[in-house]
Structure formats: C-alpha cells, structure tokens
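Note sheet for the following structure.
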Amino acid sequence: METRRVADILKNGQPEEKVVIKGWVRTKRELKDFAFTEVNDGSSLAGLQVVLDSEVPEYNTIIKQINTGASIEVGGTLVASQGKGQKIELKADSVMVYGEADPETYPLQKKRHSFEFLRTISHLRSRTNTIGAVFRVRNACAAAIHKFFQDKGFLWIHSPIITASDCEGAGELFTVTNFDLNKLPQNKQGQVDFTQDFFGKPAYLTVSGQLQAEVMAMAFQNVYTFGPTFRAENSNTSRHLAEFWMVEPEMAFCDLEGDQNLAEEFLKYIFQYVLDHCPDDMTFFNKWIDKSILATADNIINNDFERITYTKAIELLEKAKKKFEFPVEWGIDLQSEHERYLAEELFKKPVIVTNYPKEIKAFYMRLDDDEKTVAAMDVLAPNIGEIIGGSQREERLDVLERRIQEMNIEADSIWWYLDLRRYGTVPHAGFGLGFERLVQFMTGMNNIRDVIPFPRTPLNADF
RNA sequence: UCCUCGGUAGCUCAGUGGUAGAGCGGUCGGCUGUUAACCGAUUGGUCGUAGGUUCGAAUCCCACCCGGGGAGCCA
C-alpha cells in the first residue's frame with residue numbers, strides 16, 4: 001500500500017480508510033493495555049495520533065521500542081477520534097520499527113526547549129514543532145519568490161560564488177585559495193604571491209550577485225539572483241550570518257519608481273503566499289512566538305506603502321516630539337530608532353524612503369540632478385526596520401567613473417561592469433533582500449540562527 | 001569589535017563563604033481514551049576552564065573560553 005503523508009491524511013482522510021504512514025514518534029502515552037502515540041513526518045505541524053493495542057503483533061515488544069524519536073511505519077485504519085484533540089486518528093494493525101531512539105540519551109524531550117540548546121543539536125532540532133514550522137515557512141518563502149519572478153518572466157541568474165571583485169568595497173571578505181597556508185609563496189617584496197594561486201590573483205567568496213545580475217539584465221531585461229552570499233565580519237548579533245541567502249532582482253529600462261513598485265508588489269505577494277500555503281504554521285507562530293505577526297502580515301498586504309524622500313524623512317524626524325538617542329540632521333544615515341519611528345509610530349505601515357545623500361550610499365547608485373542625493377530606496381517595515389535596500393543604477397559612464405574616483409573604488413577589476421555603460425547602456429534598477437531576514441520577519445523568530453538550517457557565524461561552523 | 005547579563009543534573013533554573021537543591025526528563029510501578037496525560041517511587045553533578053584568596057569556595061578575586069541581550073555595521 002502506498003504511504004500517505006500525515007498532512008494529507010489530516011486534511012482528506014476519511015474513517016474506514018486503510019493507510020500506511022512513516023515518520024518519527026513525538027510522544028507516547030502508555031496506559032495499562034493500550035497506548036497513544038503521535039507520529040510526525042514533517043509534512044505538517046500536527047502529527048497523526050496512532051492508537052496501539054494488543055491486536056498489534058508483538059505489542060509488548062513494539063511498545064517498548066517506540067519512544068520519542070524512534071522512526072516507525074504504521075499500517076492501519078483511520079477512525080473518528082473518541083478524544084478531543086483531533087478529528088481523526090489511526091488505529092494500528094501493524095507497526096514496524098526502523099530505528100529506535102534510546103530515551104536515556106535522545107536529547108529532545110516532549111516539553112519545550114530553549115532555542116540556544118536546540119542550536120547545539122542542529123542535526124535534530126528540525127524535529128521540534130517550532131523549528132519544523134520555520135523550515136516549512138522558509139521553503140514556502142523560497143517557492144513564492146521563484147513563482148513571483150517566474151510568473152513575471154524574470155530569469156533566475158546563477159551568480160558566481162567565487163569572485164575577484166569586491167562589489168561595494170565594503171565588508172570583510174572570505175579569501176578563497178588553494179595555497180598550502182603553511183608555505184605561502186612570496187614575491188620579491190615579501191608579500192604573498194597571488195600569481196601562483198589558483199586564480200592567479202586574490203579571490204573571494206561573493207558578498208553580492210548584484211553586479212553580475214546587472215550584466216545579465218543587459219541581455220534579458222528582467223532577472224533575479226537567489227543564492228548564498230558571504231561576509232567575514234565579526235558581528236555577533238541576532239540578525240547577522242557569515243553565510244546567508246540573498247534575493248536580488250534587476251530590471252533594465254526601469255527607474256526608481258518602477259523599483260519601488262516591484263518591491264511593494266513583491267513583499268505583498270510573498271506574505272500572501274505564505275499565509276495561503278502555511279496557515280497552521282503561521283497560526284502557531286502567532287500564538288507561541290510573536291502575537292503580532294498575523295496583524296503585521298495583514299498590514300503589509302492591505303496597505304499601500306508610504307513613499308517619502310530622505311529629505312522629507314529628516315524633516316519629519318526633526319518635527320517629532322520623540323527624543324532620539326542619535327540626533328537628527330540632514331546627512332546622517334538613519335539609525336534603527338529613526339526607522340522604527342517612521343514605520344511604527346508615524347505611519348504604522350511600511351515606508352519606502354528614497355533619495356539618500358550620496359555620501360552614505362554605494363558608488364553604483366544613480367546620481368540625482370541636485371548632485372547631492374542618489375536614487376536609492378530602503379523599504380522600512382514595522383517591527384523589523386530595513387527589509388529591502390535598492391536603487392536605480394548609474395547608467396552614465398562619465399558620471400559612474402567620476403563617482404568611482406570620488407569614492408576611491410578599485411576600478412580595474414570591474415572593467416566589465418563599466419563596459420555595460422559603453423555598449424548599449426540603459427536605465428536600470430534593482431534591490432536586494434536578505435532571505436533569512438524575510439523569514440525572521442515572517443515568523444517572528446528573534447534569532448536569525450534559528451531560521452537557517454545550519455547557521456554559520458563567528459566560531460560556529462558545526463554540522 | 002564594544003557594552004551588559006549569564007555558564008550548577010540530560011533540559012529549565014534556585015542556591016552569594018560552612019553536608020550540592022527543585023521542577024521537568026529518564027527508570028520502575030499503577031491506571032480502559034490519553035493530548036507537554038495523570039498518580040506514586042526512584043535515578044541523576046569534575047558547579048565552563050585554569051590560577052589565586054581563605055581553616056574552608058558553586059559563592060570572593062584574576063585570566064581565558066562559551067552563550068544570551070543590546071550597540072556598531074549591514075542583508
């Protein structure tokens with residue numbers, strides 16, 4: 001008989017149906033002559049209650065083997081439950097134990113664990129309610145992202161993971177080498193001789209696929225990257241990872257307004273998709289993790305995002321009656337307290353702030369006519385702050401070269417990027433979104449390490 | 001990296017100079033419909049590591065390691 005998934009049985013199962021399930025035991029409640037067990041196969045938050053009694057062959061042996069964590073196959077008949085917690089349950093005819101889990105050493109209990117502890121057992125934590133729900137929602141987010149872009153005709157670009165250029169001149173990079181680090185070849189100046197290295201020059205793990213996305217947008221118009229990126233920064237926070245996934249759409253023949261339109265439509269779509277596809281998981285998060293996430297999702301989906309310029313944002317912050325720790329004046333980068341005030345207190349919905357001072361933004365952002373600001377945009381959302389950062393790119397070769405010079409950017413390694421402005425340049429724009437931060441925002445999870453299966457952070461690359 | 005709080009049983013924690021504790025978990029027993037089952041009993045420790053002060057240190061001091069929260073930076 002074909003194995004059914006628990007999610008399917010809970011949704012469509014009918015009494016009298018014969019089914020087979022395979023999964024892992026979450027709990028066992030043993031009474032004198034029979035027992036209840038809950039089996040979870042990862043397909044849903046809820047497990048299927050299985051009723052076992054002496055009709056199961058070798059009941060006395062089996063019942064001692066099916067402790068929390070054991071993997072089993074159960075065949076039987078679906079029946080309407082006499083108990084209260086579930087509509088339907090499985091009356092077992094046969095049970096096969098694939099692998100036992102010694103209760104003396106199996107680290108997961110039936111009760112709640114701290115996320116800090118679960119991180120020390122990342123190979124087992126996906127079997128818990130919360131982490132299981134996180135990864136189903138993470139998957140739904142990824143599926144939604146692809147569907148959103150594919151339905152719009154965007155090409156998914158596989159940007160390189162190894163790169164010889166440091167895109168934004170910012171952040172610490174991981175070096176990629178095949179040198180024997182105990183015997184580094186040196187040149188006559190006594191420095192490491194990278195001409196003997198694998199690529200003949202220093203190479204790094206990418207910090208962004210944006211520049212390559214711009215290349216591909218110049219052929220396919222609309223593209224997006226969705227892949228891993230790396231930062232070697234020694235930042236120990238609940239919002240940073242050394243390895244994380246980033247989504248970066250790039251559109252040719254698009255300006256800053258089109259960029260904002262896409263960002264707004266994109267966020268609304270992802271939230272709606274997850275609500276539609278993971279309602280139980282989202283309800284679970286709303287109950288146990290953060291009681292505001294469903295209201296937040298509703299806010300995102302049903303409100304037009306506020307759109308203001310940076311200059312207007314500074315005016316509003318200066319007029320605010322609130323005292324800020326960091327003083328406000330034109331030219332500063334917005335601190336998280338400022339972003340929170342705009343999104344949470346003033347507008348109470350997502351706000352897109354545009355046209356920041358050029359001094360605080362990257363070299364590739366398009367210079368505005370006033371020569372003071374650039375065509376940048378940040379989407380600030382209630383409860384999380386900046387979730388999306390983007391810009392219209394500088395498509396004018398002379399202006400771009402001037403900006404590169406002003407900002408002391410090493411231009412040699414991005415000659416190809418400048419070539420795009422030499423040959424058939426067009427206005428174009430795009431944005432970047434940290435995928436794990438999106439999942440954090442969606443689920444209300446406090447620590448980014450709990451929304452990626454195997455987090456890489458300073459001093460932690462286990463599993 | 002900076003600030004701050006913490007590290008005691010498998011887990012969550014109490015214990016602030018004098019015999020190392022509780023709840024949960026595990027184990028054993030009981031229970032004919034349980035739902036983090038319940039009831040009874042029981043098991044369980046190099047008090048993060050290494051020094052120091054003291055008659056005596058989980059407790060006080062120093063260094064280091066690790067974790068949480070916040071900041072900076074960002075995604």
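Lettering of chains follows the sequences in order, A, B, ..., and the numbering in each one begins at 1.
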Sort out for me which residue in Phe226(A), Phe441(A), Trp245(A) forms a ring-ring contact (aromatic ring centres under 6.0 Å, His included) with Phe435(A). Phe226(A)
Do we see a donor-acceptor contact under 3.5 Å between the side chains of [X] and [Y]?
X	Y	answer
Glu172(A)	Tyr204(A)	no
Thr309(A)	Asn355(A)	no
Thr27(A)	Glu38(A)	no

Just say parallel, tilted or perpendicular for the rings of [X] and [Y], cut-offs at 30° and 60°.
X	Y	value
His277(A)	Tyr273(A)	parallel
Tyr310(A)	Trp330(A)	perpendicular
Phe324(A)	His338(A)	perpendicular

Using only heavy-atom distances, decide whether a donor-acceptor pair under 3.5 angstrom links the side-chain of Glu89(A) to the base of G33(B). yes
Any donor-acceptor pair under 3.5 Å between the side chain of Glu233(A) and the base of U1(B)? no
Among residues 328-339 of chain A, which ones have heavy-atom contacts with RNA chain B below 4.0 Å? Asp333(A), Gln335(A)
Strand contacts (RNA chain B) in residues 429-446 of chain A, 4.0 angstrom heavy-atom criterion: Gly434(A), Arg437(A)
Spacing of Lys111(A) atom NZ relative to G10(B) atom P, expressed in whole Å: 13 Å
Test side-chain contact (heavy atoms from CB on, under 4.5 Å) applied to Gln210(A) and Met246(A), step by step: CA-CA 10 Å; Gln210(A) 182 196 310; Met246(A) 196 145 62; over 6 Å; no
So what does [X] touch, heavy atoms closer than 4.0 Å: a base, only the sugar-phosphate, or nothing?
X	result
Arg119(A)	sugar-phosphate
Phe36(A)	base
Thr237(A)	base
Glu104(A)	sugar-phosphate
Arg26(A)	nothing
Gln109(A)	base
Glu38(A)	nothing
Phe326(A)	sugar-phosphate

Residue [X], side-chain heavy atoms: nucleotide from [options] that is nearest:
X	options	value
Pro103(A)	C11(B), U27(B), G33(B)	U27(B)
His240(A)	G69(B), G72(B), G68(B)	G72(B)
Gln86(A)	U1(B), U34(B), G33(B)	U34(B)

Quick check, does Phe34(A) stack with G33(B)? I mean ring centres under 5.5 Å and planes off by under 30°. no
Salt-bridge test for Glu233(A) and Arg231(A): reply yes if a basic N is under 4.0 Å from a carboxylate O, no otherwise. no
[X] vs [N]: side-chain N/O to OP1/OP2 distance below 4.0 Å:
X	N	value
Arg112(A)	C24(B)	no
Lys110(A)	A36(B)	no
Ser238(A)	G70(B)	yes
Ser114(A)	U12(B)	yes
Asn447(A)	G69(B)	yes

Any strand counts, and the cut-off is 3.5 Å on both contacts for Watson-Crick or G-U wobble. Which nucleotide pairs with [N]?
N	value
G56(B)	none
C38(B)	G30(B)
G6(B)	C66(B)
A71(B)	U1(B)

All N/O pairs under 3.5 Å across the protein-nucleotides 42-49 of chain B interface:
none

